[in-house]
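Let me begin by presenting the structure, written as structure tokens, before commenting on it.
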There are 2 protein chains.
Amino acid sequence: MTAGSPDTTPDGALPRPRGGRMPRRERRVQLLESALEVFVAQGYHAAAMDDIAERAGVSKPVLYQHFPGKLDLYLALLDASCDTIIDGCREALASTTANKDRVAATMKVFYSYVASEEGAFRLVFESDLTSEPDVRERVDRVTIECASMIADVIRTDTGLPDEASELLAVSLVGMAQVSARFWLAGGGGISQDDAAALIAGLAWRGIRGYPMTDDH
Amino acid sequence: MTAGSPDTTPDGALPRPRGGRMPRRERRVQLLESALEVFVAQGYHAAAMDDIAERAGVSKPVLYQHFPGKLDLYLALLDASCDTIIDGCREALASTTANKDRVAATMKVFYSYVASEEGAFRLVFESDLTSEPDVRERVDRVTIECASMIADVIRTDTGLPDEASELLAVSLVGMAQVSARFWLAGGGGISQDDAAALIAGLAWRGIRGYPMTDDH
DNA sequence: GCTGCACGCCGATCTTGACCTCCACGATGT
DNA sequence: ACATCGTGGAGGTCAAGATCGGCGTGCAGC
């Protein structure tokens with residue numbers, strides 16, 4: 001079994017002779033970490049199970065002992081990432097009752113999610129497997145659940161009908177996720193906090209402009 | 001050569017005996033139309049050259065007579081779709097000097113682009129081939145060029161620094177494209193014009209809130 | 001009318017990458 | 001010594017991109 005350099009496995013651990021093994025649960029966690037790195041770097045289609053196994057420093061059958069198939073491995077990671085951003089959004093909205101602060105907190109959550117070291121957001125915002133229904137369902141659910149929480153606030157405070165509130169909420173989610181990804185790709189001309197505050201300011205100015213008496 | 005039903009090719013034309021042929025330029029146009037239908041419906045990876053050939057009512061070697069490979073076929077369609085939205089955005093911004101109307105016109109363009117019958121926007125906003133550099137470059141260029149045009153207006157009217165203007169512009173682009181796609185998927189509870197106007201109103205309220213004296 | 005050529009076309013096949021599995025090995029605990 | 005567990009070298013299988021070698025038609029020239 002080849003290693004990247006003499007005496008170490010690809011992740012820098014000491015070489016493990018045949019049977020140099022881990023408890024099953026530790027191995028599963030390690031495989032997920034390696035898989036995430038590969039899927040984030042290459043996307044689903046360009047990532048081969050060979051690549052993932054190599055990154056984990058194991059052979060391919062080990063992957064199949066823990067996951068029924070490649071798609072299952074991907075969905076396990078996607079689920080975790082979806083939960084992260086949905087939970088974060090919920091917590092941000094619940095963290096205060098002041099709407100201006102809710103907007104700021106939510107924007108901060110999106111920027112932190114996109115900025116996180118392991119890049120799990122790419123499985124949600126930049127998936128190349130959305131033709132697969134199980135993936136599409138999860139990716140859409142992120143937008144729908146985040147928007148739904150935001151729409152509840154909009155509806156309560158503006159009296160706008162459901163469809164309008166939902167569409168406004170979705171556009172705020174779109175603003176957050178597209179600008180955060182652009183900020184990340186742009187190499188940080190603005191700090192993360194300043195960028196999040198800037199876009200939160202735009203969002204707040206926009207959304208506070210809907211008084212209760214407004215109708216369209 | 002089999003057909004979907006007796007006496008017709010898949011596109012409903014009468015069967016063409018061997019040698020029933022088209023001039024080269026007409027054939028190329030027809031192949032592009034068929035390819036677009038298949039890529040839009042299935043995405044790049046799930047679309048097979050067999051599928052495209054069958055949709056066009058020809059054999060696979062005919063595809064390779066007009067396009068060096070699958071990726072080239074996809075890029076030809078992607079380029080056309082990118083040009084459509086960039087040109088539309090430019091025309092919308094140039095159509096008036098009133099900023100409020102610029103915002104409305106640009107939003108209308110995004111909603112019309114997403115609503116268009118053949119669904120070419122999916123190659124730009126929902127591509128599953130962004131791990132391929134040639135695709136990534138084009139898809140990013142749409143966001144960057146649209147945002148750049150919008151940022152010029154923002155910078156001129158607010159005096160905000162370049163990076164801030166760009167980021168605000170990108171968030172407006174994100175708001176447009178994500179809300180338009182959500183509106184399309186939602187089955188039209190709101191009319192296209194009402195939806196575009198609603199989101200344009202949010203955008204306008206947000207962006208007009210940056211007076212020249214504002215600093216961050 | 002015949003022949004040769006240009007053009008557009010296709011059935012069959014090749015090639016290859018990658019998902020997934022077979023069968024057996026080594027380490028560990030009892 | 002044996003059972004169990006975690007593991008790997010090797011390879012089966014197949015889908016799909018791409019190509020080979022040749023065919024049929026229409027037309028111009030003789």
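By convention in this document, chain letters (A, B, ...) are assigned in the order of the sequence lines, proteins followed by strands, and residues within each chain are numbered from 1.
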Please list, pair by pair, any protein nitrogen or oxygen found under 3.5 Å from a nitrogen or oxygen in nucleotides 11-13 of chain D.
none

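Taking atom CG on B:Leu73 and atom C1' on D:dA16, their separation rounds to 15 Å, with Å as the unit. Per the geometry, CG belonging to B:Asp50 stands 12 Å off C1' belonging to C:dG11, to the nearest Å. Straight-line distance from the CG atom of B:Asp51 to the P atom of D:dA18: 14 Å, rounded to whole Å. Whole-Å rounding puts the B:Lys70 NZ to D:dA15 C1' distance at 11 Å. Distance A:Tyr74 OH to C:dC19 C1': 17 Å, rounded to the nearest Å. Atom CE in A:Met49 sits roughly 20 Å away from atom P in D:dA10 (whole-Å rounding). The interatomic distance linking A:His45 (NE2) with C:dC19 (C1') rounds to 14 Å, in whole Å. Rounded to whole Å, atom P of C:dC20 lies 11 Å from atom CD1 of A:Ile52.
Picking from C:dA18, D:dG8, C:dC9 the nucleotide with the shortest atom distance to the side chain of B:Val62 gives C:dC9. Listed candidates were C:dC22, D:dT19, C:dA18. Nearest to the side chain of B:Pro61 is D:dT19. Counting only heavy atoms from C-beta on, B:Met22 has its side chain closest to C:dC9 among C:dC9, C:dC10, C:dC22.
A search for side-chain contact (heavy atoms from CB on, under 4.5 Å) contacts involving B:Ala120 returns B:Leu36, B:Ser81, B:Glu118, not counting sequence neighbours. Legend: residues meeting ring pair (Phe, Tyr, Trp, His ring centres under 6.0 Å) with B:Phe39, ordered by chain and number and at least two apart, are B:Tyr44, B:Tyr74. B:Ser179 is linked by a side-chain hydrogen bond (donor to acceptor under 3.5 Å, both in side chains) to B:Tyr111, counting only residues two or more places apart in sequence or in another chain. Scored by the side-chain contact (heavy atoms from CB on, under 4.5 Å) test, B:Leu93 finds B:Cys89, B:Arg102, B:Thr106, B:Met149, B:Ile150 as partners (sequence neighbours excluded). Applying the side-chain hydrogen bond (donor to acceptor under 3.5 Å, both in side chains) test to A:Glu163 and every residue at least two apart in sequence or in another chain returns nothing.
Residue contacts shown for A:Ala46 are absent, as no nucleic acid heavy atom lies under 4.0 Å away. Contact annotation for A:Ala47: backbone-only contact, meaning every heavy-atom pair under 4.0 Å involves sugar-phosphate atoms and none involves a base.
In this structure, A:Val103 and A:Ala203 approach most closely via the heavy-atom pair CG1-CB, 4.0 Å.
The side chain of B:Tyr64 contributes an N or O atom lying less than 4.0 Å from OP1 or OP2 of D:dA18. Neither OP1 nor OP2 of D:dC5 sits under 4.0 Å from any side-chain N or O of A:Arg27.
Scanning atom types as modelled, one donor and one acceptor separated by under 3.5 angstrom connect the side chain of B:Arg21 and the base of C:dC7.
Judged by distance alone, the side chains of A:Glu126 and B:Thr130 never bring a donor and an acceptor atom under 3.5 Å apart.
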